[in-house]
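Worth saying up front: this structure is predicted, and the values here are computed from it rather than measured.
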Amino acid sequence: MFLTTVKTRKLCEHQNLWHSGWWEVKSVLLLVSMALPFFFPSELVQIYGEIARIGAGIFLLLQLVSVIHFITWWNKYWTPDEERKQRCSLGLFLSTMFYVASISGIVYLYTSYASRTSCSLNIFFITWTVILLAAMMVISLNSKVNRGLLSSGIMASYVVFLCWNAIRSEPATIRCETKNQEKGNSSWITILGFLIAIFAIVMAAFSTGIDSKCFQFSKNKVEHEDDIPYSYGFFHMVFSLGAMYFAMLFISWDLNSSARKWSIDVGWISTWVKVINEWFAATIYIWMLISPVVRHNRVMDNDGTVQETADSVMA
């Protein structure tokens, strides 16, 4: 699909009809593509597994960019002004709710997965998440940044979710869960969590695929009425990377061992991938907050240097 639609530019082209229709042919191709891997040699599948690791990492990066782009747009939508006082009040309410949810999530993580001093790794993960939340809040409220609390509140909730997801991927024998959780039906929790993850990943792939504009380097492109609404090639590339991410979930990012029952996306490799993803998400967001200030200071410094040079020349 990527190769056959990557060059599509106009709605009148045949590739547009292929992208939006021909579902009977696509269904046959889907069934064939599901059957063929059973006849591939294991070496070829292993090579695809190595490629899928890289593709899954790229998918996580694209997903982070798309999430941060959405948070930025939502924050601008609820930005207060004189004509939207009601929207300002609702934005303040949403900010409060997101921070309450984040703090409640942190308390839940400490009580459920770090209740003993022996759970040092979980304590480190959760404490570092708290530090990231505090840094995002302080930077957002800084007078030079002045981004408000809504975007940082949404990002805080997302970071707490990533931390919980990472801890849930730890092996069950080392997860440091409380006794009440250990007695519960962890199998159904695993199934429900994985179904939620499937839905979230599909929605993330779809939203990222149609949001190709936020990944364009040039923002001055002139649009016409007969242009396609989004990049079809990018859309299918994102879904192929999402499929690679699904493959990594099913084998817990480990190509050398088979997944056991109720152990989907469980293992130390999965844990560290999600933890690094959390830290990377917070780092990108913090850089997004401070980058305008850094660029402004550089411009001011350059202007000051030029002015001093000009004064010395005149003297």
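Taking the side chain to side chain donor-acceptor pair (under 3.5 Å) definition, one finds that Trp18 meets it with Thr4, sequence neighbours left out. For Ile126, the side-chain contact (heavy atoms from CB on, under 4.5 Å) partners at least two apart in sequence or on another chain are Ile106, Leu109, Tyr110, Ala114, Cys163, Ile167. The side chain to side chain donor-acceptor pair (under 3.5 Å) test applied to Thr5 returns no partner, not counting sequence neighbours. Legend: residues meeting side chain to side chain donor-acceptor pair (under 3.5 Å) with His236, ordered by chain and number and at least two apart, are His19. Shown here are the side chain to side chain donor-acceptor pair (under 3.5 Å) partners of Tyr99, two or more places apart in sequence or in another chain: Ser152. Evaluation of the side-chain contact (heavy atoms from CB on, under 4.5 Å) rule for Leu36 yields Val32, Phe40 as partners, not counting sequence neighbours. For Ala166, the side-chain contact (heavy atoms from CB on, under 4.5 Å) partners at least two apart in sequence or on another chain are Lys274, Val275. Ile58 is linked by a side-chain contact (heavy atoms from CB on, under 4.5 Å) to Ile54, Leu62, Leu241, counting only residues two or more places apart in sequence or in another chain.
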Would Ile284 and Leu61 count as a side-chain contact (heavy atoms from CB on, under 4.5 Å) if you check the C-alpha gap in whole Å, the side-chain angles of each, and the deciding distance to 0.1 Å? CA-CA 10 Å; Ile284 291 179; Leu61 178 61; 4.2 Å; yes
Ring pair (Phe, Tyr, Trp, His ring centres under 6.0 Å) between Trp272 and Phe125: does it pass, once the steps are laid out? CA-CA 10 Å; Trp272 281 106; Phe125 287 159; 5.3 Å; yes
Practice problem: Starting from the C-alpha separation in whole Å, work towards a yes-or-no answer on side-chain contact (heavy atoms from CB on, under 4.5 Å) for Met155 and Phe98. | Solution: CA-CA 9 Å; Met155 197 64 194; Phe98 277 115; over 6 Å; no
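The OH atom of Tyr158 lies 10.0 Å from the CD atom of Glu278; values are rounded to the nearest 0.5 Å. Remark: Tyr285 OH to Leu132 CG distance equals 12.5 Å, nearest 0.5 Å. Remark: Phe2 CZ to Phe235 CZ distance equals 13.5 Å, nearest 0.5 Å. Taking CD1 of Ile47 as the start and OG of Ser42 as the end, the distance is 10.0 Å to the nearest 0.5 Å. For the atom pair Ile269 CD1 and Ile251 CD1, the distance stands at 8.5 Å (nearest 0.5 Å).
By the 30° and 60° cut-offs, the orientation of the rings of Trp128 relative to Phe124 is parallel.
In the hydrophobic clustering, where aliphatic and aromatic side chains (Ile, Leu, Val, Met, Phe, Trp, Tyr) are joined below 4.5 Å either directly or transitively, Leu30 groups with Met34.
The two atoms that bring Ala281 and Leu162 nearest to each other are CB-CD1, 4.3 Å, heavy atoms only. Looking at every heavy atom in both residues, Thr127 comes nearest to Ile123 through OG1-O, 2.6 Å. Summarising the geometry of Ser102 relative to Gly153, their closest heavy-atom pair is OG-O, 3.9 Å, with the distance given to 0.1 Å. Between Met248 and Ala56 the shortest heavy-atom distance is CG-CB, 3.8 Å.
Hydrophobic clustering (side-chain heavy atoms under 4.5 Å, transitive across Ile, Leu, Val, Met, Phe, Trp, Tyr) keeps Trp253 apart from Val45. Note on Val6 and Phe234: same hydrophobic cluster, where clusters join Ile, Leu, Val, Met, Phe, Trp and Tyr whose side-chain heavy atoms are under 4.5 Å apart, directly or indirectly. Taking hydrophobic clusters as Ile, Leu, Val, Met, Phe, Trp and Tyr residues chained together by side-chain heavy-atom distances below 4.5 Å, Ile286 shares a cluster with Ile131.
Using a 4.5 Å heavy-atom cutoff, the side chains of Ser104 and Val100 are in contact.
Although no hydrogens or angles enter the test, the distance criterion places a donor-acceptor pair under 3.5 Å between the side chain of Thr271 and the main chain of Glu170.
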